[in-house]
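Below, read A as the first sequence line, B as the second, and so on, with proteins coming before strands; counting in each chain starts at 1.
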Amino acid sequence: MRIATWNVNSVVARLPRLLEWLQDTAPDALCLQETKVADDGFPTDAVAELGYQVATHGDGRWNGVAILSKVGLDDVVRGLAGGPGYPDPEARAVAAGCGGVRLWSVYVPNGREPGHDHYHYKLAWLASLLDVVAADLERTDRLAVMGDFNVAPTDADVWDPAVFAQSTHVTPPERAAVQALLGTGLVDVVPRPLKYDYPFTYWDYRAGNFHKNLGMRIDLVYATPSVAGAVSDAYVDREARKGKGPSDHAPVVVDLDLG
DNA sequence: ATGTCGTGGACGCCACGA
């Protein structure tokens, strides 16, 4: 089974590239983030023509997540039960069982800057994610949390840690919140890069950062040992970041041999 | 070097978020 995650930065603006990528890559399940569309505006028919069912959770202009699947969508849950809002709950998480694996598609709040209200919201959101995942782990040992975590877990995950010294994505509280997910037993499935020496997944649109490979690894796959142990390959599809009209994030693709 | 995108409101640009 092939699973993947991709922050598409608007599923409507990205639709031609998404459809082309689905045909080329053929994941069995794909977690999307930043769909930026309400549920009734999601291009459900277009992905259905390629054989995908979809579980959407969108609010309109901001945020929005979804899971596309060719292998079923069981027990769909939208949002984090008991989670924080800004001030109201936002569309940043959706879960479904796909081919026997429970997938969470998550779009962690950005945080804007350390100390900002949005930063505290980010930490509270991650704490709530931990609670929800821990509850799921009571029921299944086949689970993966996939998406845009907006946190670079280590200094190796940013092109120049000094540039981010006063920024979000690298602060100790953010890294501790992500590390706490690993504390439940989840494993960081680190993909291989298709080029260069580190698997960055995001490059700012500005300043030619992609061309210069000034990126970050913030799109993560955190899987239970039974899923991580079944990984036969994992890679960042940087080809999807090239050319005309890309997202600023590249997809992470994970192949599983679940037996 | 805050240099680029995407969205949507009230327009042919601006505010906002990332």
Side-chain angles (χ1 to χ4, degrees), chain A residues 5-21 31-43 46 56-66 84-93 105-126 129 146-153 157-171 174-175 177-178 200-220 236-252:
Chain A
T5 182
W6 194 8
N7 178 324
V8 286
N9 188 17
S10 169
V11 72
V12 173
R14 217 62 59 212
L15 188 60
R17 291 194 63 133
L18 172 63
L19 296 176
E20 181 181 21
W21 187 85
C31 294
L32 294 176
Q33 301 86 37
E34 280 208 89
T35 55
K36 293 186 172 178
V37 71
D39 292 339
D40 62 5
F42 196 95
T56 60
H57 184 37
D59 250 345
R61 184 175 187 181
W62 308 118
N63 314 309
V65 287
Y86 192 75
D88 300 315
E90 298 179 310
R92 294 180 176 275
S105 177
V106 300
Y107 176 49
V108 177
N110 172 285
R112 302 197 186 155
E113 58 186 68
H116 193 286
D117 281 350
H118 205 261
Y119 176 82
H120 297 297
Y121 168 53
K122 179 181 194 172
L123 295 177
W125 199 92
L126 282 166
L129 177 63
M146 310 173 66
D148 179 357
F149 281 59
N150 268 318
V151 176
D157 297 309
V158 296
W159 59 272
D160 183 357
V163 172
F164 295 87
Q166 306 302 322
S167 306
T168 59
H169 293 57
V170 302
T171 67
E174 290 168 277
R175 285 177 168 171
V178 167
F200 294 142
T201 65
Y202 161 83
W203 302 260
D204 197 298
Y205 282 125
R206 293 170 286 194
N209 275 12
F210 178 68
H211 180 70
K212 293 183 275 191
N213 198 34
L214 305 182
M216 308 176 81
R217 187 176 75 98
I218 57 176
D219 299 272
L220 308 176
V236 180
D237 188 2
R238 73 187 302 280
E239 297 299 311
R241 182 62 177 78
K242 293 182 178 177
K244 184 176 170 56
S247 169
D248 42 1
H249 295 251
V252 177

Subject >> A/D219-A/T5 side chain donor-acceptor pair, cut-off 3.5 Å >> reply: no
Subject >> Residue whose closest nucleotide on DNA chain B lies nearer the 5' end, A/A13 versus A/E34 >> reply: A/A13
Original post:
Rounded to whole angstroms, how far apart are CG on A/L32 and P on B/dG6?
Top reply: 16 Å
Subject >> Separation of atom CG in A/D59 from atom P in B/dT7, rounded to whole Å >> reply: 16 Å
Subject >> With A/N9 via side-chain hydrogen bond (donor to acceptor under 3.5 Å, both in side chains) - residues at least two apart >> reply: A/K36, A/Y205
Original post:
Which part of the nucleic acid, if any, lies within contact of A/Y202, taking any heavy atom under 4.0 Å across all strands shown: a base, the sugar-phosphate backbone alone, or nothing?
Top reply: nothing
Subject >> Results of side-chain hydrogen bond (donor to acceptor under 3.5 Å, both in side chains) for A/W159 - residues two or more places apart only >> reply: none
Subject >> Partners meeting salt bridge (charged side-chain N to carboxylate O under 4.0 Å, His left out) with A/R14 (sequence neighbours left out) >> reply: none
**OP:** Could you give the distance separating B/dA10 and B/dC16 at their C1' atoms, to the nearest angstrom?
**Re:** 15 Å
Subject >> Interatomic distance where OH belongs to A/Y119 and C1' belongs to B/dA18 [whole Å] >> reply: 18 Å
Original post:
Can you list the residues that meet the salt bridge (charged side-chain N to carboxylate O under 4.0 Å, His left out) rule with A/R206, with sequence neighbours excluded?
Top reply: A/D204
**OP:** Quick one: closest heavy-atom pair of A/W21 and A/P251, and the distance?
**Re:** CZ2-CB, 3.5 Å
Original post:
When the distance from OH of A/Y86 to C1' of B/dG17 is rounded to whole Å, what number comes out?
Top reply: 11 Å
Subject >> For A/R238, salt bridge (charged side-chain N to carboxylate O under 4.0 Å, His left out) partners two or more places apart >> reply: none
Subject >> Distance between P atoms of B/dA1 and B/dC14 (Å, rounded) >> reply: 25 Å
For nucleotides 2-5 of chain B, which of its nitrogen or oxygen atoms have a protein nitrogen or oxygen under 3.5 Å away, and what is each distance?
none

Original post:
Rounded to the nearest Å, what distance is computed from the CD atom of residue A/Q33 to the P atom of nucleotide B/dA18?
Top reply: 14 Å
Subject >> Partner residues of A/W203 under the side-chain hydrogen bond (donor to acceptor under 3.5 Å, both in side chains) criterion, sequence neighbours left out >> reply: A/N213
**OP:** Name all residues meeting the salt bridge (charged side-chain N to carboxylate O under 4.0 Å, His left out) criterion together with A/E239; count only those two or more places apart in sequence or in a different chain, and write none if there are none.
**Re:** A/K242
Subject >> Between C1' of B/dG17 and CG of A/D117, the distance in whole Å >> reply: 16 Å
**OP:** Please report, rounded to the nearest Å, how far the C1' atom of B/dG17 is from the NE2 atom of A/H116.
**Re:** 11 Å
Any protein N or O atoms within reach of nucleotides 9-15 of chain B? Criterion: under 3.5 Å, listing atom names and distances.
none

